[in-house]
Asks: 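My structure is below; once you've seen it, I'll send some questions.
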Amino acid sequence: MNNIDQELLENLIEDTSFINWAKKENRNDINYWNSWISNNESKIETVDLAKSIIIGINFNKTKLPNDIVETELNKVLTAIDSPTPFSTIKDKPIKKNILSYVPYGIAAALAIFFVVLVSNSNTTIKHETAFGEIINLTLPDGTSVVLNGNSFITYSKQNPRDVTLVGEAYFKVKPIPSTKAKFWVTTNDLKVEVFGTKFHVNTRDKKTDVVLDEGSIHLVLENGVTKKINPGEFVSFSKETEKITHTKVSKKNPYKLWRNSTYIFNNQPLISVMKNIESTYGLPVIFKEKNLEQIIISGGIPNQNIEICLKAIEKSAGVKLVKRNDSILISTQ
């Protein structure tokens, strides 16, 4: 197998879409890969091998008597000890009946099956941030992720292109042109499906917000609705309320600036601002007076230091913020 086919094989067995095709579990993936295969006939051998690895080898569960098992095992061991699989008559090699090599086939099948079991071990990888922490990650497939505070992502070691997110993150997905392998981000409300693109996902406040910077993505909502997003668009969906918002994002995109250690708020009520702080730093917010919740805030607020962050909000909103008993109390100055 040449290097290109080896790379293709590795990509195929890690591609969730291809796995769905091999197991006949998703009609869209089946149609896609049937079309891909018909246009790439030279790759059929690699495709068949990848499918075999994914599906594995099925054995009948019929239990044989112990004496038969022992007899057949002795036959296999005797055959392995034989110096050559051919009998020679007058210097002309004569092959034995093909059935005599069945034990070799069984042994090879068992070896392959063992490798498949080992390679398919479902080890879950988890990356998690503390309150107020921002980290930069590079996944095994080359995709980069910026993970905001109080967030985590998980994925199978065998398929890093299928990620589950709780919290907030920015993804720069690395495309795989040889197979057009998809990348998924799953949240409690929806599933993001992409090939290679840049986008922001936030699962806070019992909903999921998605903002697309580059490329195009499809969202599969929990209620079955599918939506396509173009660059510069924002979609928000809650499984609980089934409320969908699909709008254009302003040129001053506030959703990306947290990655540069700054929150940007454009005419947002103080209660919305504090929910963001609460999620990131894990500090419950208490408004001493109800009317303070609707104070409007605009501008940038540093987010790497909670003390500086609270001082900036105080100055912008004209209120007093005090950290007390692991919570934030908001009152008039």
Side-chain angles (χ1 to χ4, degrees), residues 126-137 145-154 164-171 187-189 200-211 234 236-241 243 245 247 249-333:
K126 183 177 183 179
H127 298 285
E128 186 172 10
T129 54
F131 292 116
E133 180 185 22
I134 297 176
I135 61 173
N136 292 274
L137 305 169
V145 182
V146 185
L147 196 60
N148 202 0
N150 188 27
S151 305
F152 67 84
I153 61 170
T154 58
T164 297
L165 167 70
V166 174
E168 187 171 24
Y170 183 79
F171 296 86
T187 74
N188 187 51
D189 304 291
H200 167 272
V201 184
N202 187 340
T203 72
R204 318 276 197 200
D205 202 22
K206 298 181 180 180
K207 60 184 175 64
T208 297
D209 299 337
V210 181
V211 179
F234 162 86
S236 179
F237 176 71
S238 169
K239 181 176 68 173
E240 291 188 5
T241 64
K243 180 182 178 181
T245 302
T247 62
V249 178
S250 65
K251 291 184 179 179
K252 294 181 179 180
N253 183 351
Y255 299 97
K256 64 183 179 181
L257 295 175
W258 62 266
R259 306 194 309 272
N260 298 320
S261 303
T262 304
Y263 288 127
I264 296 294
F265 301 106
N266 295 316
N267 296 319
Q268 292 190 40
L270 183 57
I271 187 171
S272 296
V273 174
M274 296 314 297
K275 280 184 178 179
N276 196 301
I277 302 301
E278 188 175 70
S279 297
T280 302
Y281 290 97
L283 295 171
V285 175
I286 301 171
F287 284 89
K288 196 169 182 180
E289 301 171 43
K290 187 73 173 177
N291 64 303
L292 298 179
E293 295 179 355
Q294 300 307 315
I295 295 176
I296 301 301
I297 287 186
S298 292
I301 297 172
N303 66 359
Q304 287 293 285
N305 182 291
I306 183 62
E307 302 296 340
I308 295 175
C309 182
L310 295 182
K311 288 294 182 183
I313 294 174
E314 275 188 337
K315 184 176 181 180
S316 179
V319 296
K320 184 177 181 180
L321 279 70
V322 178
K323 283 179 62 181
R324 182 180 299 169
N325 298 326
D326 294 325
S327 63
I328 300 173
L329 178 65
I330 302 178
S331 61
T332 55
Q333 288 184 336

Asks: Step by step, would you call Ser236 with Asp209 a side-chain hydrogen bond (donor to acceptor under 3.5 Å, both in side chains)?
Replies: CA-CA 4 Å; Ser236 179; Asp209 299 337; 2.6 Å; yes
Asks: Counting only N and O atoms by type, is there a donor-acceptor contact under 3.5 Å from the side chain of Gln268 to the main-chain atoms of Val273?
Replies: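 Checked: no pair found.
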Asks: Do any N or O atoms from the side chain of Asn148 and from the backbone of Glu168 form a donor-acceptor pair under 3.5 angstrom?
Replies: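 Here the side-chain-to-backbone pair does not exist.
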Asks: I'd like to know if Lys323 pairs up with Glu307 as an ion pair, taking the criterion as any Lys NZ or Arg NE/NH1/NH2 lying under 4.0 Å from an Asp or Glu carboxylate oxygen.
Replies: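 Yes, charged N to carboxylate O under 4.0 Å.
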Asks: Using 0.5 Å steps for rounding, measure from the CG atom of Asn202 to the CG atom of Asn276.
Replies: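 So the gap between those two atoms works out to 7.0 Å.
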Asks: Please confirm whether the backbone N or O of Gly167 pairs with a side-chain atom of Thr203, one donor and one acceptor, at under 3.5 Å?
Replies: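 Flag set: sc Thr203 to bb Gly167 pair under 3.5 Å.
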Asks: Measuring only between side-chain heavy atoms, which start at C-beta, is Ile134 closer than 4.5 Å to Thr129?
Replies: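 Sidechains of Thr129 and Ile134: no contact.
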Asks: Got a donor-acceptor contact below 3.5 angstrom from the Ser238 side chain to the Lys243 backbone?
Replies: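 The answer is no, because no donor-acceptor pair under 3.5 Å joins these two groups.
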Asks: With a 3.5 Å distance limit and no angle check, can you tell me whether Ser327 reaches the backbone of Val285 through a side-chain donor-acceptor pair?
Replies: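 Not confirmed, Ser327 side chain does not pair with Val285 backbone.
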Asks: Between Ile271 and Phe287, which heavy-atom pair has the shortest distance, and what is it?
Replies: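 Nearest heavy atoms, Ile271 then Phe287: CA-CZ, 3.9 Å.
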Asks: So Glu278 and Ile328, do their side chains get closer than 4.5 Å, heavy atoms only?
Replies: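 Not in contact.
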Asks: Between Val146, Val145, Leu147, which is the residue that forms a side chain to side chain contact (heavy atoms under 4.5 Å, CB included) with Ile135?
Replies: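 In the set Val146, Val145, Leu147, the residue that makes a side chain to side chain contact (heavy atoms under 4.5 Å, CB included) with Ile135 is Leu147.
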Asks: Could you pull out the closest heavy-atom pair between Glu133 and Glu128, with the gap in Å?
Replies: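 Closest approach of Glu133 to Glu128, heavy atoms only: OE1-O, 4.4 Å.
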Asks: Within a reach of under 6.0 Å around CG of Asp326, are more than 12 heavy atoms found that belong to other residues, nucleotides or ligands?
Replies: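 It does not: Asp326 CG has 12 such atoms or fewer within range.
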Asks: For Ile297 and Ser316, which heavy atoms make the closest approach, and how far apart are they?
Replies: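 Ile297 and Ser316 have their closest heavy atoms at CG2-OG, 3.6 Å.
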Asks: So Val322 and Lys288, do their side chains get closer than 4.5 Å, heavy atoms only?
Replies: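 Answer no - side chains too far apart.
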Asks: Where the side chain of Asp205 meets the backbone of Lys207, is there a donor-acceptor pair that is under 3.5 Å apart?
Replies: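 Judged by distance alone, no pair lies under 3.5 Å.
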Asks: Is Ser279 reaching over with its side chain to a backbone N or O of Ile277, donor-acceptor style, under 3.5 angstrom?
Replies: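 No, Ser279 side chain to Ile277 backbone: no donor-acceptor pair under 3.5 Å.
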Asks: Hey, mind stepping through Glu240 and Asn188 against side chain to side chain contact (heavy atoms under 4.5 Å, CB included) and telling me if it holds?
Replies: CA-CA 10 Å; Glu240 291 188 5; Asn188 187 51; 5.7 Å; no
Asks: To the nearest 0.5 Å, tell me how far Ile286 CD1 sits from Met274 CE.
Replies: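 If we round to the nearest 0.5 Å, Ile286:CD1 and Met274:CE are 11.0 Å apart.
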Asks: What distance do Cys309 atom SG and Glu314 atom CD have between them, rounded to the nearest 0.5 Å?
Replies: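 Taking SG in Cys309 and CD in Glu314, the distance rounds to 11.0 Å.
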Asks: Taking the side chain as every heavy atom from C-beta outward, state whether Ile153 and Leu165 have any pair of such atoms under 4.5 Å apart.
Replies: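 A side-chain contact exists here, since the closest heavy-atom pair is under 4.5 Å.
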Asks: Do Arg204 and Ser151 make a side-chain contact, defined as non-hydrogen atoms from C-beta onward lying under 4.5 Å apart?
Replies: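 In contact.
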Asks: Report yes or no: does Asp189 contribute a side-chain atom to a donor-acceptor pair with the main-chain N or O of Lys239 at less than 3.5 Å?
Replies: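 Answer holds: yes.
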Asks: Go through Ile306 and Phe131 one step at a time and tell me if the side chain to side chain contact (heavy atoms under 4.5 Å, CB included) criterion holds.
Replies: CA-CA 10 Å; Ile306 183 62; Phe131 292 116; over 6 Å; no
Asks: For a quick test of reading the model, state the closest non-hydrogen atom pair linking Ile313 to Leu321 and the distance between them.
Replies: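 Closest heavy-atom pair between Ile313 and Leu321: CG2-CD2, 4.0 Å.
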